[in-house]
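Any value given below was found using the heavy atoms of this structure, including those in side chains, with hydrogens, waters and symmetry copies removed. Chain letters run A, B, ... following the sequence lines, proteins first and then strands; every chain starts at 1. Since we're looking at a predicted model, the values are computed, not measured.
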Amino acid sequence: MYPFKKIEEKWQRYWEKKGTFVARCDPKRKKYYLLEMFPYPSGKIHMGHVRNYTIGDVASRYRRTKGFNVLHPMGFDAFGQPAENAAIKNKTKPDAWTHKCIDWMRLELKKMGFSYDWKREVSTCDSIYYKWNQWIFLKMFEQGLAYKKASSVNWCPACETTLANEEVIDGGCWRCHTKTEEKQLEQWYLKISEYKERLLADLATLKEWPERVLAMQANWIGRSEGVRVYFRFKENNKIIPVFTTRADTIFGATYIVLAPEHPLVREMIRGKPEETEALKFIDKVTRESKNVRCASEVKKEGVFTGCYAINPVNNAEVPVWIADYVLMEYGTGAIMAVPTHDQRDFLFAREHNLPMRVVIQSTVSSSPQSTEKITEAYEGDGIQVNSGQFNGLPNQEAKIKIAEWMQKQGIGKIETQWRLRDWLISRQRYWGTPIPIIYCAKCGVVPVPYDDLPVELPKDAPFTGEGGSPLAKVKKFVEVKCPKCHFPARRETDTMATFFDSSWYFLRFCSPGFNQGPFNKEEAAYWMPVDQYIGGIEHAILHLLYSRFFTKFFKDIGMIEFNEPFSRLLTQGMVLKDGQVMSKSVGNIVDPDSIIKKYGADTLRLFILFAAPPETELEWDERGIEGSFKFLNRVWRIQEDLKRQAAPDLIRTMHRTIKKVTEDIENFKFNTAIAALMEFVNAIYKWGADKEIFSKLVVMLSPIAPHFAEELWGRLGNKEGIFETEWPQYDPAMLIEDAITVVVQVNGKLRSRITVPVDISEEKLRELVLADQKLNSWLEGKPVRKFIYVPQRLINLVV
RNA sequence: GGGCAAGUGGUGGAAUGGCUUACACGAUGGAUUUAAAAUCCAUUGGCCGCAAGGCCAUGAGGGUUCGACUCCCUCCUUGCCCACCA
């Protein structure tokens with residue numbers, strides 16, 4: 001058993017002392033910026049962190065031996081609610097609690113031997129960092145991108161805070177799962193919607209991002225093209241616009257539906273016999289929070305308003321309804337309903353006995369023309385019917401023609417709708433960046449002058465866990481003089497959502513001590529964009545979208561020259577145990593520290609890379625860990641018996657292994673790279689290695705098991721550290737074999753193999769194959785119709 | 001409801017148009033040992049067969065191809081993400 005504990009401590013000290021991983025901006029050298037998503041400092045690292053950071057560390061150490069100037073930083077996403085909760089529970093301060101957690105986590109990360117440049121460490125909760133959050137906010141405020149709006153927000157009664165739409169999951173708080181409510185508040189927003197076109201279009205430039213993430217982002221931005229159609233109320237000719245993406249179905253629009261909150265509703269129903277019932281319904285729906293209302297599988301409910309509207313394409317009189325399934329926030333808050341070609345409308349129409357009209361006829365099956373026989377909406381393509389001058393056209397063609405025609409007639413307007421909403425960043429919380437705004441009775445909303453930044457968090461806020469933000473209770477903080485008129489004024493007590501902090505930290509790492517701005521332009525120009533970003537799929541939408549938004553903003557104000565922050569993205573899979581995600585609530589957590597104690601960090605690193613490809617889920621297996629440990633010991637023992645000269649076959653194997661391992665590491669296929677190294681070790685056991693071969697093996701292992709490799713490297717008599725040396729090269733000439741085995745198939749089935757010289761001609765090979773005794777029974781009396789030869793590989797005889 | 005993955009031995013996985021099951025775990029046998037651990041060596045998809053050998057097998061069914069785990073179509077299952085989005 002090799003002395004992993006001693007070795008790991010020794011080399012960790014050596015790297016730190018020598019500054020092996022300290023990065024320096026050097027425009028003469030080729031850079032490589034490798035970044036893993038920084039952690040929230042909860043106190044302990046878990047297997048997910050270990051996996052994420054091991055993948056990154058291998059890539060980073062590998063690039064270093066390939067001669068790149070590597071930037072590989074680490075920091076802490078240190079603001080957020082858990083610190084406040086801990087403060088309430090344990091009677092500590094969020095500040096003290098967070099710093100204790102950071103210290104502990106840093107120690108654990110160091111024990112894993114990750115090659116970070118610790119000189120660049122940042123914590124978002126330090127005022128030298130969040131000062132620049134405030135600076136960025138003020139820049140956005142100047143550009144009109146940060147604005148205040150009274151609006152109904154998602155409110156979590158347990159956390160006593162507002163939540164972004166993105167933070168409401170299945171109708172509950174993303175953190176504590178409590179059902180959210182709606183509440184009216186004045187909130188700060190960032191106008192991310194102004195960047196929607198660019199955020200969508202530039203996805204096409206992210207060639208090295210996973211398809212899945214690109215699809216999720218595109219979905220989230222949610223561009224849809226359609227027509228705003230102007231229906232009119234029959235009684236007063238007032239316009240009621242609806243949005244549709246299916247202009248081809250408009251002749252089948254037999255009723256329209258308004259959201260209960262629609263501003264025209266109350267006025268419409270006034271004095272109608274239906275008024276009482278409609279008001280009751282509106283009241284019921286608006287009292288329900290959005291989550292309850294949007295829960296799937298709930299039956300669509302609605303009431304008739306007593307009004308009628310005119311469908312502008314055929315002047316048909318259609319009833320106007322109110323229903324809970326129409327949302328005020330999307331489109332115009334009103335829809336046209338086509339029960340024959342939209343399943344949701346169909347169910348609603350059948351329930352309430354509303355009229356239907358078929359306007360698209362399937363060309364494949366004969367879908368019924370008569371509405372009586374319809375059992376479900378036909379949502380596929382077909383030919384227009386009952387659609388005036390558009391009859392007979394394929395519906396996809398009609399969709400465009402009808403839209404254009406409506407626009408020309410002035411009864412509609414071609415329009416694009418987006419799903420992306422502006423980003424709500426206000427939080428009624430203490431442990432976050434104070435929003436640098438002052439409210440003055442005379443001057444109104446006044447930004448804090450740049451010279452007065454940072455607006456520091458007061459250290460002595462009270463933590464009772466009740467009644468909203470602790471910041472609002474700190475007089476010293478709240479009561480200020482207006483920077484303009486110097487009369488008493490009041491400070492904003494909301495803090496920023498923590499996603500703000502993480503939307504630009506990758507830029508801060510380029511020049512973490514810089515005090516003239518959020519980052520040094522020259523250094524950012526050198527290091528950025530991040531060449532490889534690695535993190536969990538859970539950040540596929542929000543964090544990545546916000547970071548892209550910030551990057552585009554920095555470009556617009558002339559601070560950077562590039563459009564996208566992350567050139568290449570890898571989303572690593574989760575770590576499972578017994579088929580379930582490791583989590584406290586399930587109680588199946590394996591503590592990385594216990595594994596380090598038992599087997600060492602190198603074994604843990606090796607196992608986590610070998611057990612599965614980085615993108616897929618990884619099933620934790622204690623026995624697999626032992627296998628990895630055994631492998632390292634097996635390598636360790638090679639040094640005891642080195643030969644003078646290695647066998648030619650082994651030298652050949654070495655060159656093949658170098659090729660395979662190099663290519664696999666480049667492509668993040670660590671599991672097969674390790675498999676190739678294992679095969680190489682098996683070959684060494686068979687043939688016996690010399691010093692040169694063993695040295696190459698050790699270098700190839702160094703990104704994966706760095707302490708282990710450094711130690712063996714030193715024992716081989718090297719004075720420089722292993723990360724000063726170069727990655728081994730293979731000789732292409734050594735990959736060529738003299739003899740190759742060609743597989744012989746008859747009608748696609750394996751029947752024989754023959755070994756022939758590499759440079760054999762096809763004719764010669766054909767002769768040899770036809771003379772092969774083994775094939776006799778398969779070829780007997782049958783003429784060979786075709787002779788397929790895949791050079792160096794296989795022959796297939798078709799008889 | 002929509003989108004995206006995935007489905008291969010007892011297990012994790014390998015092969016992305018050309019020898020299915022690399023590598024590892026587990027299991028079995030052997031060597032070493034007073035013994036065990038550790039280590040080293042060998043065997044290990046299923047069925048038939050004394051053997052040589054043959055047949056079958058990559059979720060199911062069909063198709064394209066000389067040849068399909070791989071490409072196409074239909075279906076089933078699982079996972080993830082999104083979702084009354086008009």
Side-chain angles (χ1 to χ4, degrees), chain A residues 1 169-170 210-216 218-220 222 224 226-227 229 242-246 249 253 256-257 259 290 293-300 323-327 329-338 342-345 347-348 379 417-419 537-538 540-541 571 573-574 576 579 607 610-613 615-628 630-631 633-634 637 660 669 671-682 685-686 741-753 774 777 785-790 792-799:
Chain A
M1 211 172 83
I169 292 149
D170 283 335
E211 275 306 314
R212 192 149 86 104
V213 176
L214 294 174
M216 281 161 79
N219 243 317
W220 191 260
S224 63
V227 186
V229 186
V242 305
F243 178 73
T244 180
T245 54
R246 291 292 306 271
T249 65
I256 66 174
V257 189
K290 207 183 304 167
R293 186 170 152 194
C294 292
S296 49
E297 311 305 319
V298 170
K299 204 164 84 185
K300 322 296 179 223
D324 57 359
Y325 74 93
V326 177
L327 306 175
E329 307 88 77
Y330 189 79
T332 61
I335 64 160
M336 64 177 212
V338 186
D342 180 290
Q343 184 63 14
R344 202 181 38 202
D345 293 343
L347 293 173
F348 190 83
E379 295 181 336
Q417 283 286 337
W418 301 78
R419 215 190 71 111
I537 188 75
E538 68 274 19
I541 300 175
T571 50
M574 291 194 268
L576 312 181
F607 168 71
F610 180 58
E615 300 89 347
T616 61
E617 290 173 338
L618 183 150
E619 176 68 32
W620 182 263
D621 180 3
E622 193 74 30
R623 287 182 303 217
I625 267 272
E626 268 181 63
S628 297
K630 272 203 268 191
F631 171 69
N633 279 298
R634 200 166 146 83
R637 282 190 298 272
K660 171 82 176 151
K669 288 159 81 176
N671 54 333
T672 52
I674 292 167
L677 289 170
M678 286 173 169
E679 283 181 77
F680 187 34
V681 169
N682 290 343
Y685 268 76
K686 189 168 168 196
T741 301
V742 175
V743 169
V744 184
Q745 297 181 335
V746 178
N747 289 340
K749 293 217 174 207
L750 173 71
R751 294 304 179 196
S752 178
R753 293 157 218 261
K774 274 197 197 155
S777 61
R785 278 198 297 146
K786 233 173 172 179
F787 182 89
I788 292 151
Y789 176 48
V790 182
Q792 323 269 308
R793 266 218 178 120
L794 143 157
I795 286 157
N796 191 12
L797 301 172
V798 187
V799 297

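Of the candidate nucleotides B:A15, B:G26, B:C23, B:A15 has the atom lying nearest to any side-chain atom of A:Lys669. Minimum atom distance to the side chain of A:Ile788 is reached by B:C66, of the listed B:C66, B:G13, B:U20. Among B:C84, B:C19, B:G26, the nucleotide with an atom closest to any side-chain atom of A:Arg344 is B:C84. In the set B:A86, B:C80, B:C40, the nucleotide with an atom closest to the side chain of A:Val326 is B:A86. Nearest nucleotide to the A:Arg419 side chain, out of B:C84, B:C66, B:C82: B:C82. Here the side chain of A:Arg753 is nearest to one of B:C19, B:G79, B:A24, namely B:C19. Which of B:C19, B:C23, B:C82 sits closest to the side chain of A:Trp220 comes down to B:C82. Out of B:A24, B:C80, B:G18, the shortest distance to the side chain of A:Val790 is found at B:G18.
With rounding to whole Å, A:Arg751 atom CZ is found 14 Å from B:G67 atom P. In this structure, the NZ atom of A:Lys786 is 5 Å from the P atom of B:C66, given to the nearest Å. Between A:Asn796 atom CG and B:A68 atom P there is a gap of 10 Å when expressed in whole angstrom units. Whole-Å rounding puts the A:Leu677 CG to B:A22 C1' distance at 14 Å. Here the P atom of nucleotide B:A68 and the CG atom of A:Leu794 are 12 Å apart, to the nearest Å.
Side-chain atoms of A:Asn796 come within 3.5 Å of backbone atoms of A:Gly748 as a donor-acceptor pair (strictly under, hydrogens ignored).
Geometrically, A:Arg344 does not engage A:Tyr325 in a cation-pi contact defined by less than 6.0 Å to the ring centre and at most 45° from the axis.
Classification of B:G49 as anti follows from a glycosidic angle more than 90° from 0.
Between A:Lys660 and A:Ala676, the closest heavy-atom pair is CG-CB, 3.6 Å.
When both pairing distances are held under 3.5 Å, B:C71 makes a Watson-Crick or G-U pair with B:G63. B:G1 and B:C82 make up a base pair, with Watson-Crick or G-U wobble contacts both under 3.5 Å. When Watson-Crick and G-U wobble pairs are counted only if both distances are under 3.5 Å, B:G9 pairs with no nucleotide at all.
Contact annotation: A:Lys686 side-chain N/O to B:C40 OP1/OP2 distance is not under 4.0 Å. For B:C56, one of the phosphate oxygens OP1 or OP2 lies less than 4.0 angstrom from a side-chain nitrogen or oxygen of A:Lys749. Listed pair A:Asn219 / B:C85 fails the phosphate criterion, with no side-chain N or O lying under 4.0 Å from OP1 or OP2.
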